[in-house]
Amino acid sequence: MIKRTGATLTIELIERQGVTQLAGIPGGANLPLYDALSKSRIRHVLARHEQGAAFVAQGMARVSGEPAVCFATSGPGATNVLTALADARLDSIPLVCITGQVALPLIGTDAFQEVDIYGMSLPVCKHNFLVRSPEELLEVIPAAFRIAASGRPGPVLVDIPRDVQQAPVRFGHWPAPGIAEAPRCAPAASISSAADAIAASRRPILYLGGGVVHGGGAQLARALAERCDLPAVMTLMALGVMPYDHPLSLGMLGMHGAEATNHALQRCDLLLAMGARFDDRATGKVAEFCPRAKVVHLDVDASELHKIRRADHPLCGDVTPTLAALIDHLAPTSRTAWRDEIRALRATYPEPKRGRGMARPEDLVRTVGKIAGPDAVVTTDVGQHQMWAAQAWPFSRPRQWLTSGGLGTMGFGLPAAIGAALAEPDRRVICISGDGSLLMNIQEMATAAELGLDIKLVLLNNRAMGLVRQQQDLFYGGNRFASDLDAGTDFCTVARGFGWPVLDLARCGFDRERLQAELCAPGVRFIHAPIDGEARVYPMVPPGAANHHMLTENACEA
Amino acid sequence: MKRESSNDRFTVLELTVNHHAGTLSHVCGLLSRRRFDFDGIACLPMADGRRARIWLRVRDTARLDHLERQLRNLHDVHALCRQPGGDTVFSGFASRLSCG
C-alpha cells in the first residue's frame, strides 16, 4: 500500500500531471499543501496577490494551451482569485485552482477565514469540487485536469479542507493523470451540409473566434480560407490566427473593428463562425448583424449553438477534426468578384493614415510590435491601449496575443506576462498597459523583478481611464466624472522602487533607437510613454448600435 | 420562480445527477444566472446512494432546448430527458397545496 497525507498526495498528483511550476500565496488553511510543495520538484512562484497568482497561471495556460495551476488559502485568499477564475471562464482558459479551506468540522461555523468558495465559484467555474476525504483526491485531482482541458477549456476549483490535507491516506496504485478527452468531429451529415452551403455562397466570410486558437485549428482555418478564397475576420480572442498581412485577413470585427470589415459583414451571404460565440462586442446589435447571411456555426460547446443567432448549419465538434473534414469536402474556389467588392469597400472606408513616428499611441504600439518581432508574446490590460494594440500590433501566429476578452479585467496584463515568461522563457514578453490598469495589479512588479524575467512593460500613460472617459465624452455629453487619474503618480519612480530599470520616452523625445535598445535588453524593463489624454480609439460602434453605425475619427474630431 | 399564468405550458425535465450537496447548487445556479424560469423542483437519492434524480418543472418555451444543452454541460449531470407522461412527480405536491 502507498501511504501519504492528503497534502502530499495532492502535490504528487499535480506532479504526475506534468506540472513543473505553479503560482500562489500560502496562508493558514493551505499550509499543509505548501509544506508538501516545498519538498516537491514543482517550482513555486510567489505572487503578491492571489488575483495576480491566478493571472500568472492564466499566462502560462494561454501560451501553452495546457492547464496551469494556482494556489490560494481560504477566505480572502480564495475570494481574491474569483475575478481571475471568471476571466478564465469567459475566455475558455484551462486552470486548476486549489484553495485551502477550514477544517471540515468548522465548515458552516463562520470560522476564521471561512468562506463558501465552492458556492461562490459555482457561476464562474467550469466545475468545482469540495473534497471531503483524502481518498477523494485520487479521483478529484485527475478529474480537475481532465475537465479543465477537455472540449471547451475552462477553470476548475478544488477546495480542500485543512484536516483533509493533514489526514493519512492509503491506496493501492496511482490513478492515471487526467488528460483532455479525444477531439470529436462534427457529424458527417452536418459537415456535408455546411460544405454545400460554402460551395453555393457568393459572399462568404469566415468569422474566427478564440475557439480556433484553443482547439489548435489556426493552420486549418488558414487552409480553409485559402482553399475557398474566404475573407476572414477575427474576434479579439482570435487575433493571430490569420497573420495581419495575409491577403484574406480583414482584421478584427466589431466595436473597434475596421470600417470596411464591418461593412463587408453587412453584405455577406454566408457567415462561417468557427469557435466564436457571437459576443456583443463582436456583433453589435445582433438583429442587424450580417442580416443577409445564412450561418454555419462550428463550436465544441453545444450550448453555444443557437444561443445568440440561430445557425442554419450547426456543427458541434472540435475545431481541428471538423475543419479537416470540411476542407476535404471542398474544392478549391476563387471568388474574384467578392474580393473586388471588398477591395472597393476598403477604398471607400480606408484605415486611418499611419504616422511615421510614435506621436499617436497606435503608432507607438505598432513600432513596439515591429521591434519585438513575430516571436514575442504580447499581453495587454484593458482599455484604450488594449484596443490600439488589437488594431496595430503586427500579429503573426496564434497564442502570441494574451488579452482579457470576455471579462475585460483591468490588471490582467502584468501577471499574465509573468506567466507567459515563465512558460516560454525563450520568448520576449511585452506587456502593453495603461496607467489605470497597471495600478490594479502593480504589486506583481515585485514578482517579475524577483524572478528576473524577460518582460518589457510599456505603459501608455494618459492619466485617466481613457476608454471610460471616451464613452463619457461621446455618449454622456462630455460629463467626465470619476475617470481622471491625475494624481501626479510618478510611475518611473514607482518602477525603480520595484527594481525595474526605466526608460521614460518623454525624456528622450520618443527616440526609436533608445526604445529598441530597451526592448532588446535582457530582464525586466519599464518603458514610460506619456500619451495625449485626448486621444481616442476609432472607429467605435456605440454600445447597443449596429456595427455599420460606426463613429469615426473624421466625423467626431472634425 | 415566476408567477404562473393560465397560458403557460410546462415540461418536466428528469436529470440523473451525482448525489452530493453541491449538485442542487449547480442546477439552481444555472437556472438563475441564465434567466431560466422554473416552476418546481424535486430531488431524491437513487438506490445506489451515489446518484440522485432531479425533476424540474419548467416552462415549455423556445428556450427549452437551450436550457437542456446548458444542463447537459454540467459535470454532475449524467443524463437528461423530458419526462414521458408529464408532471406526475409534481401532481402529488400540487394536491397537498390545494388541501391547504
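This one's a predicted model, so the numbers in the text were calculated from it and none came from an experiment. Order of the sequence lines fixes the chain letters, A, B, ..., with proteins taken first and strands second; residue numbering starts at 1 for each chain.
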- Rounded distance (nearest 0.5 Å) linking atom CG of L122(A) with atom OG of S32(B): 9.5 Å
- Mutual orientation of the aromatic rings belonging to H26(B) and H127(A) [parallel < 30°, tilted 30-60°, perpendicular > 60°]: parallel
- Option in D76(B), L74(B), L30(B) with maximal non-hydrogen atom pairs under 4.5 Å from chain A: D76(B)
- Query: Is the count of non-hydrogen atoms from other residues, nucleotides or ligands lying under 6.0 Å from E288(A) atom CD greater than 12?
  - Reply: yes
- Task: Identify which of G22(B), G29(B), A21(B) forms the greatest number of heavy-atom pairs closer than 4.5 Å to chain A.
- Result: G22(B)
- Note on the structure: Between the CD atom in Q70(B) and the CG atom in D301(A), the distance rounded to the nearest 0.5 Å is 7.0 Å
- OG on S303(A) to CG on D65(B), rounded to 0.5 Å: 12.5 Å
- Query: Taking R69(B) as the fixed residue, which of H306(A), K307(A), E304(A) is the one that meets the side-chain contact (heavy atoms from CB on, under 4.5 Å) rule?
  - Reply: H306(A)
- Message: Would you say CG of D110(A) has more than 12 non-hydrogen atoms from neighbouring residues, nucleotides or ligands within 6.0 angstrom?
- Response: no
- Query: How long is the span from the NE2 atom in H20(B) to the CZ atom in F129(A), to the nearest 0.5 Å?
  - Reply: 8.0 Å
